[in-house]
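Just so you know, ligand 1 is whichever comes first in the structure, and atom 1 is the first atom listed for that ligand.
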Amino acid sequence: MALERIYLFDTTLRDGAQTNGVDFTLADKLAIAAMLDELGIDYVEGGYPGANPTDSELFGADRRLNATFTAFGMTRRPGRSASNDPGLAALLNAKADAVCFVAKSWDYHVKVALETTDEENLSSIRDSVRAAKAKGREVLLDCEHFFDGYKANPKYALACAKAAYEEGARWVVLCDTNGGTLPDEVEKIVSEVVKAIPGDHVGIHAHNDTDQAVANSFAAVRAGARQIQGTLNGLGERCGNANLVSIIPTLKLKPEFAERFEIGVSDAVLKKLAHVSHALDERLNRAPNRHAPYVGESAFATKAGIHASAILKDPATYEHVAPETIGNRRKVLVSEQAGKSNVLAELERVGIKADKDDPRIGRLLEIVKERETLGYAYETADASFELLARRTLGKVPNYFDVTQFDVNVEQRNNAKGERVTVTMAVVKVKVGDDNMISAAEGNGPVNALDLALRKDLGKYQKYIARLKLTDYRVRILNAGTEAVTRVLIESEDENGDRWTTIGVSPNIIDASFQALRDSIIFKLVKSGAPA
Ligand SMILES: [Zn+2]
């Protein structure tokens with residue numbers, strides 16, 4: 001039997017950006033979009049073009065995605081024509097594959113919030129869909145407050161959805177904007193909607209205010225909807241949106257869905273899901289939820305006792321799915337063998353071929369374990385892990401030695417009598433037989449150190465000339481008895497490739513320096529620089 005397709009629509013960059021404490025930069029948005037694209041998400045919603053500088057830049061940027069990149073915005077304002085609405089114009093002129101309009105579908109909101117008539121709201125939907133279609137865009141309509149609206153006035157809510165569908169919108173998305181609808185209500189209402197609009201044109205956008213956004217998404221699918229909207233790690237305003245990180249493995253691994261439906265996420269890519277989830281948290285500089293379903297560190301952790309010994313005999317005894325399928329790990333007083341397979345999986349992920357019987361794998365495992373207790377997190381810092389693995393398994397040339405560095409921070413009055421802080425770094429580097437000294441001023445100690453270190457690497461300078469730091473994140477950890485600083489640095493090269501390196505030390509400058517040095521060495525290895 002042919003499988004039916006379910007489409008996944010990610011709104012991490014739009015609805016997820018409403019999360020308290022989340023503030024995406026352009027670099028964040030581009031990196032997250034690339035992550036979603038690699039995952040096989042069908043639609044990536046970038047944000048509101050024209051609404052703020054970051055989103056306007058994002059929609060102007062070169063993105064190279066397979067996913068349908070979607071711009072979000074309002075339908076034309078009441079009382080204006082589609083051709084005379086600056087908001088609509090900005091949306092239609094954005095470099096996007098699709099446009100997702102949001103429109104009222106609750107008559108109460110049309111009257112109170114929009115202060116217009118029911119008929120004018122329907123015309124606004126029709127005109128906007130038509131205008132976007134004329135611009136060659138795929139069109140989606142988010143029906144705001146659809147479920148509350150349907151309960152109050154089913155005829156009108158449905159009329160809004162039908163207006164968009166009949167005008168040629170590819171998808172009509174039913175939004176539980178307040179997040180208070182329960183699964184049985186969602187199933188009942190979607191069943192009614194699909195009598196008027198084919199299910200393969202109906203989407204669900206659920207918020208998590210009763211902790212049932214994921215359940216509501218599946219209820220809609222059961223009733224016939226074929227697009228699910230959600231965010232990575234359930235980011236979103238208030239209690240968040242439907243969590244795609246829970247939805248994806250459920251669709252892929254639970255027979256009820258897996259036997260009927262297919263999605264754009266392959267089995268191979270599913271193995272990276274835990275990594276993607278953690279990488280997003282690292283980017284947001286927050287600790288991953290250990291208890292997150294499927295991907296949390298504790299999702300497959302069993303404390304010793306009867307469970308643990310049964311799991312060692314046959315993991316299926318106490319696990320609902322196999323942790324490896326989503327890139328997670330079983331945790332039962334980690335046996336040597338289990339640990340080794342984790343390291344082998346990591347090596348495969350970064351593209352290093354290794355033989356599982358190679359004794360150096362065991363040595364690498366020991367080093368990784370030792371360093372992780374000190375605060376290193378190699379799951380995020382791919383480039384540092386790759387260097388560590390290459391050093392342990394083979395060779396990384398000794399390109400250069402930093403024989404000494406010195407960072408000086410001075411606060412004083414300048415000639416105008418203003419209080420200023422001046423930072424200067426001096427780095428001594430040995431490349432082959434050449435000794436080099438570079439000095440640089442920076443806006444802070446790490447910046448000065450970075451500039452001085454990369455100022456002159458002799459014959460290697462050409463490889464790092466266009467290397468730049470795109471992100472710098474610091475977290476204070478409690479490893480053992482003392483607080484240590486973990487620094488993660490993201491770098492980018494002239495090809496737009498990005499990688500992350502790590503440093504850990506009680507001293508923030510030391511930690512930063514380790515990460516900076518790893519980043520440069522990684523770039524030299526990557527470029528095939530001769531020893
Ligand atoms: Zn929403």
*Is the number of heavy atoms from other residues, nucleotides or ligands under 6.0 Å of Asn495 CG greater than 12?*
yes
*For the Zn ion (ligand 1), check which protein N, O or S atoms are under 2.8 Å away and list them.*
Asp15 OD2, His205 NE2, His207 NE2
*Under a 4.0 Å N-O cut-off, is there an ion pair linking Asp200 with Arg5?*
no
*Less than 4.5 Å apart, any side-chain heavy atom of Trp106 and any of Val112?*
no
*Calculate, to the nearest 0.5 Å, the distance between atoms OG and NZ belonging to Ser56 and Lys95 respectively.*
13.0 Å
*asked:* Does the Lys NZ or Arg CZ of Arg63 fall within the cation-pi geometry relative to Phe69 - under 6.0 Å from the ring centre and within 45° of the axis?
replied: yes
For residues 160-168, tabulate all N or O donor-acceptor pairs below 3.5 Å that involve a side-chain atom, not counting sequence neighbours.
from: Glu167; atom 1: OE2; to: Arg130; atom 2: NE; distance (Å): 3.2

